[in-house]
2 protein chains.
Amino acid sequence: MNKRQTKDLLYEQVSRIGKAVSSPKRLELLELLAQGEKTVDAVAAEASLDIRLASAHLKVLKEARLVEARREGRFIAYRLSGDDVSALWVNLRTVAEEHLVELKVEMERIFAAPEKLDAETRRSLLEKARRGDVVVIDVRPSAEYETGHLPFARSMPLDEIRQRLKELPADRDIVAYCRGPFCMMSAEAVELLREHGFRAHKIADGTPEWQAAGLPLAES
Amino acid sequence: MNKRQTKDLLYEQVSRIGKAVSSPKRLELLELLAQGEKTVDAVAAEASLDIRLASAHLKVLKEARLVEARREGRFIAYRLSGDDVSALWVNLRTVAEEHLVELKVEMERIFAAPEKLDAETRRSLLEKARRGDVVVIDVRPSAEYETGHLPFARSMPLDEIRQRLKELPADRDIVAYCRGPFCMMSAEAVELLREHGFRAHKIADGTPEWQAAGLPLAES
DNA sequence: CGTATATTCTAACGATTATTGGAATATGTC
DNA sequence: GACATATTCCAATAATCGTTAGAATATACG
């Protein structure tokens, strides 16, 4: 086999990964699975897809080895095939945020203040959370919290906040996070909390961003 | 605009990056441009593409804002639009190498021993090169060396090695690198050097891998 | 063992993309 | 200003992909 044919083979293989991430729906599914293992109809519902279409997209992701499937009774549970896949998603989204003006303006339109974190801010947030100077709340569904969450964060799913307001302090800063920069749950939580007089802020990070920055998650 | 429409818009934008990297040819062009600014016919020749097809692919990359173009006299020079693009290429290739068995076996078939470097090995190589315990040679075309190269590496383009053998030490290890794990220039260099009795080895890293690992390059 | 549920498979269609060759544009040179 | 060179534009074709709907499979439950 000559050099050209060999090279074609190599790039062809890498393009399998590229093709897998070339569809907006599949990217959404990847981000969902980055929050933990989920069944087909769970991701289909979250991404507003017909179950059969979601299944087809998951199949493509599986053939690119970005996800793995496992039967769980009547359901089939999909999960990312590694932390590097989650990091790839973060990388793709970051490059898009950096270079695509259309995405930048859209993000600014949706989220008034885009609270991007740098390494230093992440470290200091962690320290303040450890000391209890701020209360970090994870507003995702509790199953996702249990798969992995920011250290010192407590679970406070968006649809439970209203009933659990008394668990939160009125005299300290509350920092809310959810699935990542594209997720709107933390913004909704902050709005709700501010209406009730709390000092709430959101950060753009989700667990995938935190992990991609090389920081450890907590479990249980 | 409702939540679904907003989400669709966001993932749609990220998928522009995904679509750009979904073609093997475009990945090859990206890797070439990660070695430095190049003209259309230069990359077309390197990638064995018709100039018109190369131009079309570069246009797609430009529309995804992964590359930028600049007129240079009669030529048009393309370059990556940032170091993060180079890092994205490395990330995609690494995920592919990690998860795609077909790629793994193909790599093993081509390159007898895949000399992957971890953080520690990179550091110690750098130290040995600094002290002069090993001679690191950059076998890429000299223009690429000038755009950026590993610290303490000297330029020794593949097609000049035969004439410049006397510049190399016979009593020390020689480490050759080129554009990255897919590039065959360092393997050819090592073969040539060993035939002449040198103690030559190759590493898989190119400048993109080195940079993506957070290490600095040298210029000039 | 029959029924309900979750998922996959298959076939079909329309939309998008890769590739090709010819024509057009832009720059530099004589 | 005519010519050569580098690149882009345009139109056409073949290949691939996304989506939809109906049928098939596989497991759990009564």
Side-chain angles (χ1 to χ4, degrees), chain A residues 4-5 7-9 11-30 32-33 37-64 66-79 143, chain B residues 4-5 7-9 11-30 32-33 37-64 66-79 143:
Chain A
R4 175 50 26 206
Q5 289 172 316
K7 289 212 165 205
D8 284 348
L9 250 160
Y11 293 107
E12 183 71 39
Q13 288 298 319
V14 182
S15 79
R16 288 171 63 190
I17 308 294
K19 284 188 218 293
V21 297
S22 69
S23 142
K25 315 279 187 193
R26 285 198 290 271
L27 289 171
E28 186 165 5
L29 298 186
L30 275 185
L32 278 169
L33 294 179
E37 198 179 49
K38 287 191 191 312
T39 64
V40 179
D41 69 349
V43 291
E46 285 265 16
S48 325
L49 293 178
D50 182 287
I51 299 179
R52 295 171 291 183
L53 182 53
S55 174
H57 279 306
L58 287 167
K59 189 188 176 192
V60 175
L61 290 172
K62 194 164 98 179
E63 280 165 355
L66 295 182
V67 305
E68 291 166 359
R70 164 177 87 82
R71 187 170 273 278
E72 175 80 13
R74 223 175 344 167
F75 298 83
I76 294 194
Y78 279 86
R79 62 175 177 283
Chain B
R4 175 50 26 206
Q5 290 172 315
K7 289 211 165 205
D8 284 348
L9 250 160
Y11 294 105
E12 182 72 38
Q13 288 299 318
V14 182
S15 79
R16 288 172 62 189
I17 308 294
K19 285 187 216 296
V21 298
S22 69
S23 143
K25 316 281 186 189
R26 284 198 290 271
L27 289 171
E28 186 166 3
L29 298 186
L30 275 184
L32 278 168
L33 294 178
E37 197 179 51
K38 288 190 190 313
T39 64
V40 180
D41 68 350
V43 292
E46 285 264 17
S48 324
L49 294 177
D50 182 287
I51 299 180
R52 292 170 293 183
L53 182 53
S55 174
H57 279 306
L58 287 167
K59 190 186 176 191
V60 175
L61 290 173
K62 193 164 100 179
E63 280 165 354
L66 295 181
V67 305
E68 291 166 357
R70 166 177 85 81
R71 189 170 270 279
E72 175 80 13
R74 222 175 346 166
F75 299 82
I76 294 192
Y78 279 85
R79 62 175 177 284

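All values derive from a computational prediction rather than experimental measurement. Any value given below was found using the heavy atoms of this structure, including those in side chains, with hydrogens, waters and symmetry copies removed. Every chain is numbered from 1 and lettered A, B, ... according to where its sequence line falls, protein lines coming before strand lines.
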Problem set entry | B:Tyr78, nearest nucleotide to its side chain (from D:dT7, D:dT8, D:dG18) | D:dT8
Exercise. Just how far, in rounded Å, is P of C:dG28 from CD of B:Glu72?
Worked result: 10 Å
For this session: For the side chain of A:Ser23, starting at C-beta, report the closest nucleotide among C:dC9, D:dG18, C:dT8.
Result: D:dG18
For this session: Grab the CD-P distance between A:Glu12 and D:dA15 for me, whole Å please.
Result: 16 Å
Exercise. Between B:Arg71 and B:Gly73, is there a donor-acceptor pair closer than 3.5 Å when you use the side chain of the first and the backbone of the second?
Worked result: yes
Exercise. In terms of side-chain geometry, is the basic nitrogen of B:Glu46 or B:Lys38 positioned less than 4.0 Å from the acidic oxygen of its partner?
Worked result: no
For this session: Classify the side chain of A:Arg26 versus the base of D:dG18 as yes if they form a donor-acceptor pair under 3.5 Å and no if they do not.
Result: no
Seminar exercise, completed: Winner on side-chain proximity to A:Arg74, out of C:dA6, D:dT20, D:dT8, is C:dA6
Exercise. Does the side chain of A:Arg26 come within less than 4.5 Å of A:Val21's, by heavy atoms?
Worked result: no
For this session: Measure from the side-chain heavy atoms of A:Arg71 and tell me the nearest of C:dA6, C:dT8, D:dA26.
Result: D:dA26
Problem set entry | Nucleotide of D:dT8, C:dA6, D:dG22 approaching A:Arg52 most closely (side-chain heavy atoms) | D:dG22
Seminar exercise, completed: The residue among B:Leu58, B:Val60, B:Leu66 that forms side chain to side chain contact (heavy atoms under 4.5 Å, CB included) with B:Leu29 is B:Leu58
For this session: Would you mind classifying the nucleic acid contact of B:Thr39 as base, sugar-phosphate or nothing, using non-hydrogen atoms under 4.0 angstrom?
Result: sugar-phosphate
Problem set entry | Proximity to the side chain of B:Ile76 - top-ranked nucleotide from D:dT7, C:dT7, C:dT19 | D:dT7
For this session: Please tell me which of the listed nucleotides, D:dT7, C:dT17, D:dT19, lies nearest to the side chain of A:Lys25?
Result: D:dT19
